[in-house]
**Student:** 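Sharing a structure with you now.
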Amino acid sequence: MTILQAGGSLHDWGGIERYVLYLAEGLGARGHRSVVACPPGSPLAMRVGDRAVPLSFRSRYSPLAVARLLRLVCGLRPDVLHAHFSPEYRVAGLAGRLGRVPKVVLTRHVALKWSPRRVRGILALYDHIIATSEA
């Protein structure tokens, strides 16, 4: 199975980045192909090594970011597209749907409230949402 993790706005080294790294390593150890789309030269890119594919998101709603990720999706044909950080939510969801990825998943790492309208918009783009807390 091929899993593409979208981390195009993860420029630092913190909890989310560690989670993405550990997940990539764990999936690889189980025989899956795990690819991480992340900013070139970022701490995450350096740590995931040859699993990294350079990709940066400068805007949450950028058609250019959707096109870049869609191009990657069409080339890799992943079985799962997994988004991790709020700038990627719409971009990754759109690219996943347009690229007909079988499963599009979002991990909600931050426990800030969303409006009902935003929840409906996100739910339309994702097959599954992983929550990290009761909040």
Side-chain angles (χ1 to χ4, degrees):
M1 180 181 300
T2 300
I3 299 98
L4 171 59
Q5 297 188 71
S9 63
L10 299 176
H11 294 277
D12 296 323
W13 186 246
I16 298 172
E17 293 83 1
R18 290 173 200 269
Y19 177 88
V20 171
L21 172 64
Y22 299 154
L23 185 56
E25 290 174 343
L27 290 166
R30 286 167 179 77
H32 300 292
R33 180 178 180 211
S34 182
V35 177
V36 180
C38 56
S42 67
L44 180 58
M46 290 185 280
R47 285 174 172 88
V48 297
D50 62 354
R51 291 183 180 105
V53 173
L55 185 70
S56 290
F57 300 148
R58 294 292 175 204
S59 170
R60 293 174 188 222
Y61 312 112
S62 165
L64 181 58
V66 173
R68 286 179 180 157
L69 188 55
L70 181 57
R71 188 175 319 121
L72 181 58
V73 163
C74 290
L76 285 174
R77 304 305 309 162
D79 300 290
V80 177
L81 173 58
H82 188 172
H84 290 280
F85 198 52
S86 59
E88 277 87 61
Y89 292 167
R90 283 200 172 85
V91 169
L94 285 169
R97 290 295 176 225
L98 292 170
R100 296 195 168 125
V101 176
K103 292 292 177 191
V104 185
V105 179
L106 160 69
T107 295
R108 177 85 167 122
H109 292 274
V110 181
L112 299 174
K113 284 191 170 209
W114 278 349
S115 70
R117 180 178 178 213
R118 184 166 189 191
V119 170
R120 285 188 301 274
I122 295 297
L123 287 174
L125 297 173
Y126 287 90
D127 297 303
H128 302 282
I129 297 177
I130 300 168
T132 57
S133 73
E134 290 295 321

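Model, not experiment: these values are computed from the prediction.
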**Student:** Evaluate the side-chain proximity of Glu25 to Leu21: yes if any heavy-atom separation is below 4.5 Å, no if none is.
**Tutor:** yes
**Student:** If you measure from CE on Met46 to SG on Cys38, what distance do you get to the nearest 0.5 Å?
**Tutor:** 10.0 Å
**Student:** How about Ile130 and His128: do any of their side-chain heavy atoms sit closer than 4.5 Å?
**Tutor:**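 With C-beta onward as the side chain, the pair stays apart.
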**Student:** When you group the ILVMFWY residues by side-chain heavy-atom contacts below 4.5 Å and let the links chain together, are Ile129 and Tyr19 in the same group?
**Tutor:**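 Different clusters.
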**Student:** Just to verify, what does Leu94 make a side-chain contact (heavy atoms from CB on, under 4.5 Å) with, not counting sequence neighbours?
**Tutor:** Val66, Leu125
**Student:** Which heavy atom of Leu69 sits nearest a heavy atom of Ala6, and at what distance?
**Tutor:** CD2-CB, 4.4 Å
**Student:** Apply side chain to side chain contact (heavy atoms under 4.5 Å, CB included) to residues Asp79 and His32 and explain how you reach the verdict.
**Tutor:** CA-CA 10 Å; Asp79 300 290; His32 300 292; over 6 Å; no
**Student:** Quick one: does any side-chain atom of Asp127 pair with a main-chain N or O of Val105 as donor and acceptor, under 3.5 Å?
**Tutor:** no
**Student:** Are Ile3 and Pro78 packed together at the side-chain level, in the sense that at least one heavy-atom pair is separated by less than 4.5 angstrom?
**Tutor:**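 A side-chain contact under 4.5 Å is absent here.
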**Student:** Kindly compute the distance separating CG (Leu106) from OH (Tyr89), expressed to the nearest 0.5 Å.
**Tutor:**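 Leu106 atom CG to Tyr89 atom OH measures 4.5 Å (nearest 0.5 Å).
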**Student:** For the residue pair Val48 and Gln5, establish whether any side-chain heavy-atom pair is separated by less than 4.5 Å.
**Tutor:** no
**Student:** Say you draw a straight line from CG of Leu27 to OH of Tyr22; how long is it, rounded to the nearest 0.5 Å?
**Tutor:** 15.0 Å
**Student:** Identify whether Val35 and Met1 are in the same connected component of the hydrophobic contact network (ILVMFWY, side-chain heavy atoms under 4.5 Å).
**Tutor:** no
**Student:** Is the closest side-chain heavy-atom distance between His84 and Leu23 below 4.5 Å?
**Tutor:** yes
**Student:** Between Leu72 and Leu98, is there shared hydrophobic-cluster membership here, with clusters defined by ILVMFWY side-chain heavy atoms closer than 4.5 Å?
**Tutor:** yes
**Student:** Does Tyr126 reach the main-chain N or O of Gly93 with its side chain, forming a donor-acceptor pair under 3.5 Å?
**Tutor:** yes
**Student:** Compare every heavy atom of Leu76 with every heavy atom of Arg33, then report the nearest pair and how far apart it is.
**Tutor:** NH2-CD2, 3.2 Å
**Student:** State the CG-CZ distance between Leu81 and Arg100, to the nearest 0.5 angstrom.
**Tutor:** 15.5 Å
**Student:** CZ of Arg108 to CD1 of Ile122: how many Å apart, nearest 0.5 Å?
**Tutor:**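 Interatomic distance, Arg108 CZ to Ile122 CD1, rounded to 0.5 Å: 8.5 Å.
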**Student:** Assigning hydrophobic clusters by single linkage (Ile, Leu, Val, Met, Phe, Trp, Tyr; side-chain heavy-atom cutoff under 4.5 Å), is Val80 placed with Val53?
**Tutor:**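 In one cluster with Val80: Val53, no.
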**Student:** Are side-chain heavy atoms of Leu4 and Arg77 found at a separation under 4.5 Å?
**Tutor:**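 Answer no - side chains too far apart.
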**Student:** For Ala24 versus Val36, what's the shortest heavy-atom pair and its separation?
**Tutor:** CB-CG2, 4.0 Å
**Student:** So which heavy atom on Leu55 is nearest to which on Ala37, and how close?
**Tutor:** CD2-CB, 3.7 Å
**Student:** Check for me, please, whether Leu123 and Val101 land in the same ILVMFWY cluster - side-chain distances under 4.5 Å, paths through other members count.
**Tutor:**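 Yes, Leu123 and Val101 fall within the same hydrophobic cluster.
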